[in-house]
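These numbers come from a predicted model, not from an experiment. Sequence lines set the chain letters: A, B, ... in the order given, protein chains first and strands last, and positions in each chain run from 1.
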Amino acid sequence: MTDRRRINGPPSGTQTPIFASTLKQTPTVRLSPPTRTREPTELRKIFLKTGLVPSSSGSAYLELQHSSQLTSLKITCTAHGPRPLPRSAPFSPQLVLSTTVKFAPFASRVRRGYVRDSAERDLAVHLETALRGVVLGDRWPKSGCDVVVTVLEGEEDAWWGDVAGARERGEGWGLMCVLAGCITVASAAIMDAGIDCVDLITGGVAAVVEEGGGKRGEVMVLDPCPAEHRNVLAACVVGYLASRDEITEVWMKGNASAAISAEELIEKAVGAAAATKAVLEEAIKEAAFVKFPELAKSRGGLNDIDMNG
Amino acid sequence: MSGHRRVKDISYDEEDYDDYDEDDYDLSPEDREQMRIGTIKVKEALGPSYNIPNKQIEDALWDSYYDVAKATTNLKSTHTPIQSKKQRQESRFDRAAGSAAQSSPANKKNESAIPYPLPISASCCHSFLHTENFFQDAPWGNIPSDRLGVLVPNSIRLRYGLLGGSSKPSKLAALAAARKKKEDEKKAGTTPSSFNSGNLETGKSILLLHRLGNKQSSHSSQPSTPLPDGSITGKENVGKYITPTLPNRQKVKPTPAIERQIRDVSDTVDHSEDTPARNIPRSDLRANPSAFAHSMFGKSLSQAVGSNDQEDSAFMLPYLSDPDFAKLNAFAGPSPDDVVLNAQAKGAKGTKSQSKQSIGKATKSATEGSDSLSVQEPPKVKSKNLNVLEEFEKSKLKSSANFVVIGHVDHGKSTLMGRLLYDLKVVDQRSVDKLRKEAENIGKPSFALAWVMDQTAEERSRGVTVDVATNTFETDRARYTILDAPGHQDFIPNMIAGASQADFAVLVIDSSTNSFESGLRGQTKEHALLARSIGVQRIIVVVNKMDTISWFESRFQEIAQQMSAFLSSAGFSPKNVSFIPCAGLTGENVVLPAPSTASWYTGNTFLQELDTCEHSTCPLERPLRLTVSDIFRGGITNPLSISGRIDAGSLQVGDTILSMPANENATIRAIEIDSESVDWAVAGQIATLHLADIDPVHLRVGDIVCTPSAPVTNIKSFTAKILAFDHVLPMHVDVFRGRLNVPARVAKLLAVLDKATGEPVKKKPRVVQPGLVARVVVELERAMPLEVRERVVLRTEGATVAAGLVEGLV
């Protein structure tokens, strides 16, 4: 006999979805697109810290602070290695670096799958190119290092509040910002893992965006947030070794007017990467002082040390 | 050695106060005098083994506010006596040796001769801080408050950060650390000038961590500024030059001129590798961690970042402080998972043993088969292989009929049946007298006849029928089986079980004032509707308790009028409805004719009316169907018995039957009808079957017993034509089929049908109004044996929603 006296409630509660496009202007929901309040050469503030995952050899967490209520980039990275390659793997005289970039299913407004899609695999290849130039692979023969980047909160390709079709949707501009973050955070994680590198690599983005209407509205900005701009015309990501002044990775795309040269754009991106380096240095220094307190003592605190590669 | 630490602390203090002393020189004459005396005293106390300048003694005195003892202690701890180190750093071994020497009389004299300056402070501290001496001078009770400790409970706190991590590094990590260390040592050996040279080769690039530490020295030498001529001078950077338009940023040792330039630049921009292209405002790019980051890193974050917010960012669960929570021992019992697993394990064991048994049987039969070439296990019960139908024809039994007695509670159903049986001498005078006496004992003499039918203690004490009671009697024309259904609304499932076995129904109505009306609102209507929807066509309405209204004719007519109107609306055809006035308690017009007061009534008595009923012929040729209405485990001879009405077909001793929905076979050992052992039984009879070769767990009340050759199928959904008693929506219901009931869901409302023609009137209605006929799809939660043209009742929350006929199996 089953229990017929009890009235069982529904197994789970649900909420009615509210779509932004159906809303009339209400005070609680802001429907005007966000605008960039920063200077064109001003970067978003970065929080970077290593040692997030105790079980990995090295790990780091990066987040970009946002002025408006928009989402901000949040990336974690773990580096596992150097560790011995499996027996089945062929001999390698160098460190086998493998990178994985995965967006968390909730990282973007459109839910991601659990299996890596082509965009994520593409990002991983870019990241690997960037890191390969900085790691001293010949110091670790017969070993491998897995760099796993998880994007907890990604960058939007365009403002979500736009009614679909009013403007062509973003073309992966958000991915470029994500890649820059990935490079920086992976660099921090590799440092945390104690893998020898020639330099600290940082990622930087610059973009040509349309500000007002017409041709003259083309402005070059550092660290663009695609949601803040009406249209992004071109963008460039670099992986940059600041103290050696080398670039290990360039990814550039888009169509800008002839007034802006590609070199200029790269130069701007390099500038953004160089500025990011200060944060990376601070984070590594901080981690080093936690690991080696006597170092901190002998140097008399955090701020006395000046570091450049 | 806590004593030493304390002394050290004091010495730090002393250093701190030194500045103060030097600044402040205006001592008063009194102070000077005190100082002088103090100095002499201290010198005496120190003895000749210390050679301390007066200035320091004065300082010590000043620090200790002219306390000679303290100053002495301080001085002793900060200064070494002229004698050997042994005195200051007295090891445990030395102390032991010393004490041994003290105890020996030879050394005693020696010691007394030399004024041995013991380190007083150390020794006294030792004695005090030693745990066993700690309570030495403490009184029992009344312990001074400064010695009392306070125990602070540690509140439960969540762990922060991510889980995992091991203290042990991997082999490679250890190798890395070793290399790093080696490298470090090597670097330490070389002069720092090697960094300054700036000839850092890629292959020999120093470890980053090391660089972090040494950057200060190499900073000035390593700026890389665009050279004015843009020439490439470095060795290692050849070929890594990106574009010719990019300014050359080589790491070269700058000339003094360039150095000056750099210094100018670094006034505004502190990072040396800046180029004109990156005039980015170098405001502090570091952000404070967001709330999310806080939760990721936890405590370590605020420590490392150095933010001095002391606010406790722990997420305390709100119920942790609740005293009930502490008391609650949630993990005392087995977890729900364990309960399920245990139950499953038990179940698995049962089936395993079962299967083992069957395997054993199979192998046994196989081995036997090899001998006798017969694979079949010989049945234990021998079938007589009768042709039951022929036997039935031959026996020329009186036709048998089952009728269900329905009606509202307390309308006298059981009493009427008791009276019937009593008057027909089925129950003898003695037992009725006994019941009457018992009923009088508890003060309910009118219940005596009802107790003929209601035999359980619960039914007797409550005065209501709970379960269907069966009894049989015989008239000249036929054999009858009474199914006395409970009238109370709580036992409607039992009433349905009873009604489903019946050929016709007897509806008992109390004629007394208000009782009829309350019954009409209550179960009178519902029972009549249910009986009709289960398939009962013939109904005898007995207007009972006519004696209480003095056989008042117009009352009888009124009831008959109201009921016939209702019954015709419920679907009974007027020719199948008859009305009998009677008095069950006194027995008037039941078997005996009506009294003289009821001269207006010329019709049949109740018993005569029963005999007029046409008895429906049962489908004997169809495959066997028997609804189990009772299961009982008797004695040793008949360990397991079932009883129920044979709906269709026939059976005989030795037959193999199949029980659904369990899908288990059993063998009939014996058959009983009306407590008489018989060899066979046919449809229409209520038979008791004694079974063999089946586990009782496979049988449940409501199961259907059928032949293995034509089994009933278990189905999970069906379409049905229903008559709605209440609003029918797609909703959860319980499907009743006899005693079997299964939770189900009305999945679809296909159409509302015309009552007369059965044609669809409205397709896909949203709701079926009460009184309408509709075709619906019902999905069962558990599979249930059902066949087409079977009657089902849909109930929900204790009320009958609809009744219907299974039309098709989906």
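Residues passing the side-chain hydrogen bond (donor to acceptor under 3.5 Å, both in side chains) test with Thr800(B) are Glu526(B), Arg795(B), sequence neighbours excluded. Scanning for side-chain hydrogen bond (donor to acceptor under 3.5 Å, both in side chains) contacts around Lys716(B) gives an empty result, with sequence neighbours left out.
Judged purely by atom type and a 3.5 angstrom limit, Arg179(B) uses its side chain to pair as donor or acceptor with the backbone of Arg139(A).
Looking at Phe292(B) and Tyr61(A), their side chains come closer than 4.5 Å, going by heavy atoms from C-beta outward. A heavy-atom distance below 4.5 Å is found between the side chains of Phe297(B) and Leu52(A). A heavy-atom distance below 4.5 Å is found between the side chains of Glu286(A) and Arg286(B).
Judged by distance alone, the side chains of Ser290(B) and Gln65(A) never bring a donor and an acceptor atom under 3.5 Å apart.
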Given Met296(B) and Leu152(A), is the side chain to side chain contact (heavy atoms under 4.5 Å, CB included) satisfied, shown in steps?
CA-CA 12 Å; Met296(B) 292 259 282; Leu152(A) 297 178; 4.1 Å; yes
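A pairwise comparison of heavy atoms in Glu63(A) and Pro289(B) identifies OE2-C, 3.8 Å as the closest pair. Residues Ala287(B) and Phe47(A) come closest through the heavy atom pair O-CD1, 3.5 Å.
Remark: Leu285(B) CG to Glu282(A) CD distance equals 11.0 Å, nearest 0.5 Å.
Residue Leu48(A) touches chain B through its backbone alone, counting heavy-atom pairs closer than 4.5 Å. The contact between Thr76(A) and chain B is made entirely by side chain atoms (from C-beta outward), counting heavy-atom distances below 4.5 Å.
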